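Each remark here refers to the structure printed beneath this line.
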Amino acid sequence: MKKIQSKKLLMGRLGYGKDLLQEITDICLAENIGLGRVEAIGAVQKACIGFYDQKARDYQFRKIEQALEIVNLTGNVSMKEGHPFVHAHISLADHKGNVYGGHLAPGTTIFACELIVEVFEGAILERTLDEETGLPLW
Ligand code: ZN
């Protein structure tokens, strides 16, 4: 475990119709955030979420083509191949309250989203390929 400190918080609204993962990533790139955590609530027009198949060592992606509430989005920011990289998981509820969840993937379109980013300092966490899992881990 690395010792880190909270440096600052950013809070704001993300753009209608934009890709959720890309918007968060763009903020981290623009603000030069290489270490931190993210959380958000809101709603999406459609979603794409991943499930990591541990045997196949590959993501299976599920597209959900309907309006959904973001019950929770939580994730972290670290470095991968020299650039800030956002890893986020999301829980989404449909109009009946059924919840879908998984690894946030490109293809999730924002309806409305309120984001908080906490910026950390004190360490660098770099993702590299982990042979045991096949995942890019710290
Ligand atoms: Zn994940």
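These numbers were taken from a predicted model, which means no experiment stands behind them. Just so you know, ligand 1 is whichever comes first in the structure, and atom 1 is the first atom listed for that ligand. When a residue number appears, it is its place in the shown sequence, counting from 1.
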Exercise for the section: Could you verify whether a donor N or O on one side chain and an acceptor N or O on the other, from Ser6 and Glu118, lie under 3.5 Å apart? Expected result: yes
Handout entry: Mutual orientation of the aromatic rings belonging to His103 and His87 [parallel < 30°, tilted 30-60°, perpendicular > 60°]
Key = tilted
Handout entry: N, O or S atoms of the protein lying under 2.8 Å from the Zn ion (ligand 1)
Key = His87 NE2, His89 NE2, His103 ND1
Fill in the blank from the handout: Residues at least two apart in sequence or cross-chain that pass side chain to side chain donor-acceptor pair (under 3.5 Å) with Asp53, listed by chain then number, are Gln60
Handout entry: Donor-acceptor side-chain pairing of Ser78 and Arg127 below 3.5 angstrom
Key = yes
Practice task
May I ask you to say whether Glu114 pairs ionically with Arg13, meaning some side-chain N is under 4.0 Å from a carboxylate O?
Solution key: no
Handout entry: Ion pair Glu65/Lys63, N-O distance below 4.0 Å
Key = no
